[in-house]
K.L.:
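Please see the structure below; I have some questions.
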Amino acid sequence: MERINVTKPFLPPIEEYQKYIGEIWNRAHLTNNGPCVSELNKKLKEYLDVENIQYVANGTLALMLAINALKLENCDIITTPFTYIATTSSIMWQKCHPVFADILPDTLCIDPASVERLITPKTKAILAVHVFGIPCDVEALENIAAKYGLKLIYDAAHAFSVRYKGKSILRYGDISTLSFHSTKLFHTIEGGAVSSNSKELFEIYEKEMRFGHNGDDHICCGINAKNSEFHAAMGLVNLKYIDYIIASRKNTCEHYDAFLSQSLQRPVLPENTEYNYAYYPVIFESEKVLLKVYDKLVADNIFPRRYFYPSINDISYTPDGECPVSSSISKRILCLPLYTDIPTEVVERIEKIILDTI
Ligand SMILES: *Cc1c(COP(=O)(O)O)cnc(C)c1O
């Protein structure tokens, strides 16, 4: 039987991509803010309903640019341990110190009360993650940031297209970052973006991402976070299919819900969320049950992923942190296969194996 992975990148009809490639060939303008990159920036700004956005090489560089644009250095950044490692490693790579706050057991996002308890004079920022596309408690985090004069960054790598209380999730906080990696809901093979409501910040990372140039002038110390025309072209084609991609995933999630949500714990979406169906995590009562289910699925050539395991505070080279909720959930959570046009027959097989095993 065909191997089923936790995800499978959406690929548009090849002719549509080839049309763009043909045009890039004729122009021989391959990178450095070519027409595909400019058009993608324009289309993303409209689709995501944000003040500004810059397409970059990947989501990790997006985070590093955000930290840099906010002039965070040699300071503590309070962050969540329940995420992909890139959230933490970009803090450490920028020579800042991650401090792990625990997560809320329902949304799996950072717990504002835990954040507030960890604030010291060395704390300069909060880096929160809308994990699995579930909005953080943005109001509470905004209040804490304002009360203590902290910067607020959101890693929105999972939250493409998510809206909360009638506006784009990217409009909350000082800066939000996205990843358009192939495993993400919307992808450009490799890619990412930085977005902020502030024109001032936008002007900083817009220059920083291209070596600190402004035309031929040297303005500031920058880095190369540009992405190519070929990647942007994939984004332009995929963006045309975004409604289809989300609708197909929604269908699959509703199927899983109908069969599994009685028997398994699921994260809870806050009210007033327009969700993107980016992931389908289920939480088991123990790691033992999870491993049993995992082995049964793998024996049937189905490969879910232990997103996110281990809790990042439990990794050897990251600072320690007491995060009992995150450590416990990390051991018990599994993301089930979810991608555009996953066959119903496969979804039913997965449901049956899980229900038979637990
Ligand atoms: C994927 C991901 C990233 C990194 O994005 P890349 O584009 O792969 O560099 C960062 N944070 C989270 C939460 C992610 O899932």
Side-chain angles (χ1 to χ4, degrees), residues 5-10 40 44 53-68 77-94 96 98 100-101 103 107-110 125-136 152-162 169-170 172-173 175-195 205 209 223-228 230-232 234-235 238 267 276-281 304-313 315 318 326 329-330 333-335 338-339:
N5 289 317
V6 68
T7 191
K8 180 175 168 182
F10 174 80
L40 184 61
L44 287 173
I53 189 157
Q54 271 293 332
Y55 179 52
V56 298
N58 58 61
T60 307
L61 275 163
L63 281 164
M64 288 162 58
L65 283 166
I67 294 167
N68 213 62
I77 299 181
I78 299 179
T79 190
T80 172
F82 188 72
T83 181
Y84 183 60
I85 187 66
T87 313
T88 312
S89 53
S90 47
I91 295 175
M92 295 172 73
W93 201 263
Q94 289 300 112
C96 294
F100 296 110
I103 58 169
T107 63
L108 313 182
C109 292
I110 200 164
I126 302 166
L127 201 179
V129 180
H130 304 299
V131 73
F132 303 134
I134 303 165
C136 292
L152 183 52
I153 303 172
Y154 286 111
D155 180 343
H158 304 168
F160 189 83
S161 173
V162 170
I169 195 72
L170 306 175
Y172 295 90
I175 299 190
S176 293
T177 65
L178 289 160
S179 165
F180 305 148
H181 184 257
S182 305
T183 52
K184 305 298 203 275
L185 172 84
F186 166 78
H187 81 90
T188 69
I189 310 169
E190 290 271 0
V194 194
S195 180
Y205 55 74
M209 65 171 279
I223 196 169
N224 180 5
K226 291 177 276 102
N227 211 336
S228 80
F230 295 87
H231 292 84
M234 181 61 88
N238 283 349
N276 64 359
Y277 306 92
Y279 296 85
Y280 198 88
R305 280 293 292 269
R306 296 187 73 181
Y307 288 150
F308 289 99
Y309 172 81
S311 184
I312 306 286
N313 56 304
I315 287 178
T318 61
S326 179
I329 287 180
S330 283
I333 194 162
L334 196 61
C335 279
L338 176 62
Y339 47 86

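Atoms within each ligand, like the ligands themselves, are counted from 1 in listed order.
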K.L.:
Among protein heavy atoms, which lies nearest atom 4 (C) of ligand 1, and at what distance?
P.N.:
Thr60 OG1, 3.6 Å

K.L.:
Would you please classify the geometry between the Phe132 ring and the Phe82 ring as parallel, tilted or perpendicular, with 30° and 60° separating the classes?
P.N.:
perpendicular

K.L.:
Just to confirm my output: which protein heavy-atom neighbour is closest to atom 11 (N) of ligand 1, and how far is it?
P.N.:
Asp155 OD2, 2.7 Å

K.L.:
So, is Ser179 polar-close to ligand 1, with some N/O to N/O distance under 3.5 Å?
P.N.:
yes

K.L.:
Not counting sequence neighbours, which residues clear side chain to side chain donor-acceptor pair (under 3.5 Å) with Thr83? List them please.
P.N.:
Thr87

K.L.:
Look only at interatomic distance and state if His158 has a nitrogen or oxygen under 3.5 Å from any nitrogen or oxygen of ligand 1.
P.N.:
yes

K.L.:
Taking it one step at a time, do Tyr307 and Tyr84 satisfy ring-ring contact (aromatic ring centres under 6.0 Å, His included)?
P.N.:
CA-CA 8 Å; Tyr307 288 150; Tyr84 183 60; 7.6 Å; no

K.L.:
Under 3.5 Å, is there a donor-acceptor pair linking the side chains of Ser179 and His181?
P.N.:
no

K.L.:
Taking the ring of Phe160 and the ring of Phe180, is the distance between their centroids below 6.0 Å?
P.N.:
yes

K.L.:
Are the side chain of Asn58 and the backbone N or O of Glu190 linked by a donor-acceptor pair below 3.5 Å?
P.N.:
no

K.L.:
For ligand 1, which atoms, with element, lie under 4.0 Å from some heavy atom of Thr87?
P.N.:
11 (N), 13 (C)

K.L.:
Can Tyr154 and Tyr172 be said to form a ring-ring contact (aromatic ring centres under 6.0 Å, His included), step by step?
P.N.:
CA-CA 8 Å; Tyr154 286 111; Tyr172 295 90; 7.3 Å; no

K.L.:
With the threshold set at under 4.0 angstrom, would you say Gly191 reaches ligand 1 through any of its heavy atoms?
P.N.:
yes

K.L.:
Does any N or O of ligand 1 fall below 3.5 Å from an N or O anywhere on Tyr84, backbone included?
P.N.:
no

K.L.:
Below 4.0 angstrom from a heavy atom of Asn58, which ligand 1 atoms are there? Numbered from 1 as shown, please.
P.N.:
7 (O), 9 (O)

K.L.:
If you count the atoms of ligand 1 from 1 in the order shown, which ones are under 4.0 Å from a heavy atom of Ala86?
P.N.:
3 (C), 4 (C), 10 (C)

K.L.:
Could you tell me if the ring centre of Phe10 sits under 6.0 Å from that of His187?
P.N.:
no

K.L.:
Once side chain to side chain donor-acceptor pair (under 3.5 Å) is applied, do any residues pair with Gln94, and if so which ones, sequence neighbours excluded?
P.N.:
Asn68

K.L.:
Quick check on contacts: which atoms of ligand 1 are under 4.0 angstrom from a heavy atom of Thr83?
P.N.:
13 (C)

K.L.:
Considering both backbone and side-chain atoms of Leu63, is one of its nitrogen or oxygen atoms within less than 3.5 Å of a nitrogen or oxygen in ligand 1?
P.N.:
no

K.L.:
Backbone or side chain, does any N or O of Lys184 fall under 3.5 Å from an N or O of ligand 1?
P.N.:
yes

K.L.:
Give the numbers and elements of all ligand 1 atoms closer than 4.0 Å to a heavy atom of Gly59.
P.N.:
5 (O), 6 (P), 7 (O), 9 (O)

